[in-house]
Structures are given as C-alpha cells and as structure tokens.
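These numbers come from the heavy atoms of this one structure, side chains and all, not from hydrogens, waters or symmetry mates. Counting convention: from 1, in listed order, for ligands and their atoms alike. Bear in mind that the values here come from a model prediction, so they are computed numbers and not experimental data.
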Amino acid sequence: MPSPTHYKYAATKNLSLVLAPFSGGQGKGGVEDGPEYLLEHGIEKHLKSLGWSTTISDPLKDDDLAAQKSDLSDVSGKCKRPKMVGQATKKIYAAVKEAAHKGDIPVTLGGDHSIAMGTIAGTLDKHPDACVLWIDAHGDINTPSTSDSGNIHGMPVSFLMGMEPEACPPDLKWVPNCIAANKIAYIGLRDVDAEEKKILKDHNISAFSMYHVDKYGISKVVEMALDKINPNRDCPIHLSYDVDAIDPLYVPATGTPVRGGLTLREGLFIAEEVAETGLLCALDVVEVNPALAAHDVHVLDTVSAGVSIAKCALGETLL
Ligand SMILES: NC(=[NH2+])NCCC[C@H](N)C(=O)O
Ligand SMILES: [Mn+2]
Ligand SMILES: [Mn+2]
C-alpha cells in the first residue's frame, strides 16, 4: 500500500473525517445529507486505499438541527439563523482544531459552505500562516449589510476576515478574524454579487473567474493563485472546495448551480495540483445536496465528484 509521505502537515498520516451535516447557512433542505452520501459512496475506503488511516468525528451528532432550522425567531439584522450557524460552526471549529493539533489532516464533509467558518478558524489555530484556496462559483464574501439573501453560506469569508464587526450577530462573535486579504485566493468564480465584486477589489483579493480559466488555462490559474497567496510554496494550504465550482453538467445536485463552470477534469486538476505541493493541511468538500437531483444519475455524478475531489487532494494520481 502506498504511504502518503508527501504531506508535510500530516504528522500522523491520519485523516480526521469531520462530518458536518449542516444546512442552516441557506434555506434548502438536503445538503445536510451530504456527509452520509459521501460515506455511503465509500469515501473512507477510497482514502484508505491511498495509504491514509482515518478516524471519524461527528461534532453535531447531539444537535436537533431540524428543530433549530424551523425556529423563525433566529434572525439578526439580515442574517438568517445566526444562532444555529454560530453554534454549529463553533462545534465544527473545535473538532477541526483538535484534529489539526493532533497532526491529522481534517477533511470536513458538508453541509453548506457556512461551515468553513469553523473549519478555517480551526486550521488557522494550528497553522497561523496557512493560506486558503477557495474553489467556488460564488464569492461567499457578502457581509450582513451587503447580502441580498441573508443566507450565511454566502458570507463566511467576510466573517473570517472580520469585515463588519458592528453587524456581527452575537452568536458569530466567536469567529476569529483570522484570514488576511493576501492569504486567500478564489478559483472558479462566475456568480459574484455587485457588492462582493467591490469588496474583492477594495481588499485586493486574488480572484480568478471562469474568464481567467478560459484565458490562461487551469494550470496557469492555479499557479498564479498560489503565487499570490503562497509565493515561496512554504505555507500550509487549506482547500475549501464548494462543488458548485464545477459545471452543473457534472455536478448537478447542489443548492446554487451556475452554468459555465469548471469541467470535471479542471476541477480535479486543482485538487491534484494542491496535492502535488505537499502543503495541504485541511480540506472541505461542501454543498453536495442529493435532494436536488432530478434523478439517480445526478446523485451519483455529484457524490462521486465529491469523492474524487477528496481523492485527488489526498494523493490519487492518474498514473
Ligand atoms: N456557498 C454558496 N453556494 N453560496 C452561494 C451564495 C449566493 C449569493 N451570493 C448569496 O449571498 O446568497
Ligand atoms: Mn458556491
Ligand atoms: Mn460556497
């Protein structure tokens, strides 16, 4: 069996699979079933076959998430369900932080993208110099005041950057201001709200849209993104992967699909390139929503793309 030696930040050679069956960051049901489908599709076995050992942690297991989601009084300004999101992400934070401090690589299975507040804060607690590669059709950098939807899965980056402290709901005040603008880069963008574009510009955040992928090719784009946030290739990389970055032709079962996305191979190539650096310190796979599939093939396509992202990031190669 191969051994994943080429992972500088995996002292234990163990992956901590952190289950985050959470949907409170947006309105649609079904994304809470993502972890279960990824597990049923054999994600653990596949990762073991790459030479990893695995442990599972389930930080939300005691929570009645359905009851919390139906609590209509949980609002703060425009933010929907801030208490639910704040409490769940804090537990995910604790699980990721513990795994990272042990020397494991935390692999968090979502769940909607609001959970990245927990995962990235957990990573940064162990690796304060880590950078974040955010793969997404969306910017997820709305603030409570710029968001049109009020869905917190469209805001995690702004909270992690401490952007609007005065509007931060009390239950999200625990989120540390832990990512600097020069430590995050996006790839795959194509549905960025007007005010998010302004935020990206004003903070000079590296953002590569589908236009850049078409213009330069995915290989050059990954290189340019890493040159911006990790120029000497000496910092740990947290890969936060929203499956909607990949075109809905390949990944249809997701909550906010946007046409004109990455091909499946471009999407997997990003994960392969990150693996190749040896610097991966944490991975999130989010926004798999089996309930939004029109038929079984859609479920299978989406879930197997999620599993493939994890395999590629954790050392699978084509040859
Ligand atoms: N993680 C996601 N899929 N985010 C979609 C966000 C969509 C939109 N920009 C919003 O703020 O609501
Ligand atoms: Mn998205
Ligand atoms: Mn996202």
Practice task
Specify whether H212 and Y216 have parallel, tilted or perpendicular ring planes, treating 30° as the upper limit for parallel and 60° as the lower limit for perpendicular.
Solution key: parallel
Practice task
State whether the shortest distance between N or O atoms of H153 and N or O atoms of ligand 1 falls below 3.5 angstrom.
Solution key: yes
Exercise for the section: Return yes when atom CG of D296 has more than 12 non-hydrogen atoms of other residues, nucleotides or ligands closer than 6.0 Å, and no otherwise. Expected result: no
Exercise for the section: State whether a side-chain donor-acceptor pair under 3.5 Å links H238 with D284. Expected result: yes
Practice task
Name the orientation class of the two ring planes belonging to W134 and H113 (parallel below 30°, tilted from 30 to 60°, perpendicular beyond 60°).
Solution key: parallel
Problem - Test item: side-chain donor near acceptor, H153 and T256, under 3.5 Å - result: no
Handout entry: Total protein N/O/S atoms whose distance from the Mn ion (ligand 3) is less than 2.8 Å
Key = 4
Exercise for the section: Can you sort out which atoms of ligand 1 are near S149, meaning under 4.0 Å from one of its heavy atoms? Expected result: 10 (C), 11 (O), 12 (O)
Practice task
Keeping the roles fixed (side chain from R190, backbone from V258), state whether a donor-acceptor pair exists under 3.5 Å.
Solution key: yes
Exercise for the section: Flag D244 as yes when one of its N or O atoms lies below 3.5 Å from any N or O atom of ligand 1, and as no otherwise. Expected result: yes
Problem - Atom CD of E276 with >12 non-hydrogen neighbours under 6.0 angstrom - result: no
Handout entry: N142, any N or O under 3.5 Å of ligand 1 N or O
Key = yes
Exercise for the section: Take every heavy atom of M155, measure it against each atom of ligand 1, and state whether any distance is under 4.0 Å. Expected result: no
Exercise for the section: Going by heavy-atom distance to atom 6 (C) of ligand 1, choose the closest among V243, D148, D140, T254. Expected result: D140
